[in-house]
**Student:** 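One structure is given below, represented as structure tokens, and several questions about it will come after.
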Amino acid sequence: MSLDFVFEPPQQPAIPVEGEGPLFPLRRIFCVGRNYAAHAIEMGNEVDREAPFYFTKSAQCLCHTGSVIDYPVATQDCHYEMEFCVAIGAEARQVDPEAAMDAVFGYACGIDLTRRDLQAVAKHLRRPWDVGKDFENAAILGPVTRKEAFGAIGAQTIWLEHDGARVQAAPLSDMIWSVPEIISDLSKLYTLLPGDLIMTGTPAGVGAVHPGSRLEGSVDGLVPVRVEFRA
Ligand code: MN
């Protein structure tokens, strides 16, 4: 029996898998806060290893690489944050870091678009970050490269260029919490399932975009992510 809906249900958000036809269906997007020491410092925060913390974006925030988008509404200070993204391909529940990589399908480049002014108000008033982080086109994602094709996570450079100028660059080994540690920790808060994606934090050098801005970022071994803001 086919289901009957009062209106057409939304399309399943999905991103390409490099070199393959079938798509990676996007489920939830988890984002790690302050995972590079130099970025924590530039945001005026202390660096600590007490525990990673998270916020989320809905999969409906997906913006495909190569898009031309409008400057976001309700902000005067929209920032780019270049991120190494981990695509989950198997269930992970209460896993140790040693077993965590079994849950990984692959990796992608992503930009965590942030309405910094709204996030700043939320931080000040101890309100949730949603309006600063979870809005249309706020998760710009490139295609997923399978983990076997990428190889081990080491000192690959993550970088971003704004209008052709390199503004962010750091080795992935600068992450305070490693990918297995993040998956393990998240798997104790949620049951991670295929389609979930983790944005693992941004290195130093975040900054504001403007109408007409062009962003291009990548991680050695991954397909770059690109976006342009309508002038
Ligand atoms: Mn971020």
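Quick caveat: nothing in here was measured; it's all calculated off a predicted structure. Read the numbers this way: they start at 1 and go in the same order the structure lists the ligands and their atoms.
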**Student:** Between Lys133 and Asp112, does any side-chain N to carboxylate O distance fall below 4.0 Å?
**Tutor:**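 Between Asp112 and Lys133 there is a salt bridge, with a charged N closer than 4.0 Å to a carboxylate O.
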
**Student:** Restricting to N/O/S, name the atom of Asp112 that gets closest to the Mn ion (ligand 1).
**Tutor:**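 Nearest N/O/S atom: OD2.
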
**Student:** With carbon and hydrogen excluded and only N/O/S kept, which atom of Glu83 is nearest the Mn ion (ligand 1)?
**Tutor:** OE2

**Student:** Could you tell me which N, O or S atom of Glu81 is nearest to the Mn ion (ligand 1)?
**Tutor:** OE1

**Student:** Does the pair Arg27/Asp196 count as a salt bridge with the N-to-O cut at 4.0 Å?
**Tutor:**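 Yes, charged N to carboxylate O under 4.0 Å.
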
**Student:** Side-chain donor-acceptor contacts of residues 146-160 below 3.5 Å, not counting sequence neighbours, with atom names and distances?
**Tutor:**
from: Arg146; atom 1: NE; to: Glu20; atom 2: OE2; distance (Å): 2.6
from: Arg146; atom 1: NH2; to: Glu20; atom 2: OE1; distance (Å): 3.1
from: Lys147; atom 1: NZ; to: Met101; atom 2: O; distance (Å): 2.7
from: Lys147; atom 1: NZ; to: Val104; atom 2: O; distance (Å): 3.3
from: Gln156; atom 1: OE1; to: Gly154; atom 2: N; distance (Å): 2.6
from: Gln156; atom 1: NE2; to: Ala152; atom 2: O; distance (Å): 2.8

**Student:** Are Glu161 and Arg166 close enough for a salt bridge, meaning some N to O gap below 4.0 Å?
**Tutor:**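 Between Arg166 and Glu161 there is a salt bridge, with a charged N closer than 4.0 Å to a carboxylate O.
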
